[in-house]
Q: 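Below: one structure in structure tokens.
Keep in mind that this is a model prediction, so the values were computed, not measured. All ligand and atom numbering here is 1-based and tracks the order in the structure. Along the sequence shown, residues are numbered consecutively beginning with 1.
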Amino acid sequence: MRIHAFHHLYQQRQALSTKVFNARGSKVDRCNHCQVASKHCICDYQPDIDSDVAVMLIVSDNEVFKPSNTGRLILDTVKEGYAFQWSRTEPDEQMLALLSDPNYQPLVVFPADYVDNKARVVSSELKPFCDGKKPLLILLDGSWREARRIFRKSPYLDNLPVVSIQPQAISQYMMRKSDNDQHLATAEVAIMVLEQLGETLASTTLERWFCVFREAYMLSKTRIKPDQTRPELKRYLTTQLENSQPTD
Ligand SMILES: [Zn+2]
């Protein structure tokens with residue numbers, strides 16, 4: 001499997017943390033990389049596809065320790081991925097350098113309803129808007145409340161264009177992050193934006209990978225009776241095989 005920026009961030013934070021973060025489900029013996037119960041680990045199946053997009057996750061305080069986090073699934077799928085711990089006062093130097101790199105077009109993914117300066121919201125097609133530069137999707141990875149805080153209190157994001165996601169999609173995807181068991185938003189938001197960018201393979205791969213994760217994650221819950229035959233994993237592996245067949 002490919003170790004990526006989210007895994008590195010997790011390791012860094014773990015090395016620094018003095019107390020064990022007591023997330024829900026912390027008693028389960030989990031794989032350090034996919035955060036699924038070790039016996040259901042999905043790391044062997046990590047996607048291996050190419051895309052013409054970069055993703056930057058700005059991760060809220062303890063999000064990196066939450067097994068239900070889905071931001072890491074995006075970096076499983078998009079190979080050029082970055083993950084930075086959010087800091088209001090001491091933003092990461094590498095993050096700032098990327099945001100001002102002329103080779104990239106940064107795009108903050110956030111609902112337009114919450115953007116005061118509507119001129120920032122990109123209303124045209126995304127690909128032409130990027131004008132040959134590589135799109136750098138910036139996703140605020142945390143609860144909805146934390147994402148809003150990051151958006152408001154990060155001066156280095158203030159002048160960047162915003163890709164909006166539909167309000168009904170937000171209520172369906174982002175808002176339910178407040179429910180403990182449905183902490184499943186960041187990847188779903190990325191699925192939609194990748195599709196808007198014309199990155200169809202990345203979008204569909206992430207969608208299937210997200211289903212594989214959710215299925216494996218639910219297998220570690222004892223309260224419910226999950227389908228042990230793992231239909232989502234089977235579906236994912238079948239499509240992966242189809243994708244690798246030469247087409248002519
Ligand atoms: Zn794993």
Q: Do Met192 and Glu195 have side chains that get closer than 4.5 Å, going by heavy atoms?
A: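 They are not in contact (no side-chain heavy atoms under 4.5 Å apart), so the answer is no.
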Q: Pairing donors with acceptors under 3.5 angstrom, does anything connect the side chains of Gln240 and Tyr236?
A: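 Tyr236 and Gln240 do have a side-chain donor-acceptor pair below 3.5 Å.
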Q: According to salt bridge (charged side-chain N to carboxylate O under 4.0 Å, His left out), who are the partners of Arg148, at least two apart in sequence or on a separate chain?
A: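 Checked Arg148 against salt bridge (charged side-chain N to carboxylate O under 4.0 Å, His left out); zero matches.
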Q: How many protein N, O or S atoms sit closer than 2.8 Å to the Zn ion (ligand 1)?
A: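 The number of such protein atoms is 4.
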Q: Residues two or more places apart in sequence or in another chain: which of them pass salt bridge (charged side-chain N to carboxylate O under 4.0 Å, His left out) with Glu146?
A: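 Glu146: no salt bridge (charged side-chain N to carboxylate O under 4.0 Å, His left out) contacts found.
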Q: Kindly write out the residues that satisfy salt bridge (charged side-chain N to carboxylate O under 4.0 Å, His left out) with Glu215, not counting sequence neighbours, or none if the list is empty.
A: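 Here no residue qualifies.
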Q: So does Asp76 pair up with Arg2, basic N to acidic O under 4.0 Å?
A: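 Here Asp76 does not pair with Arg2 in a salt bridge, since their nearest N and O are not under 4.0 Å apart.
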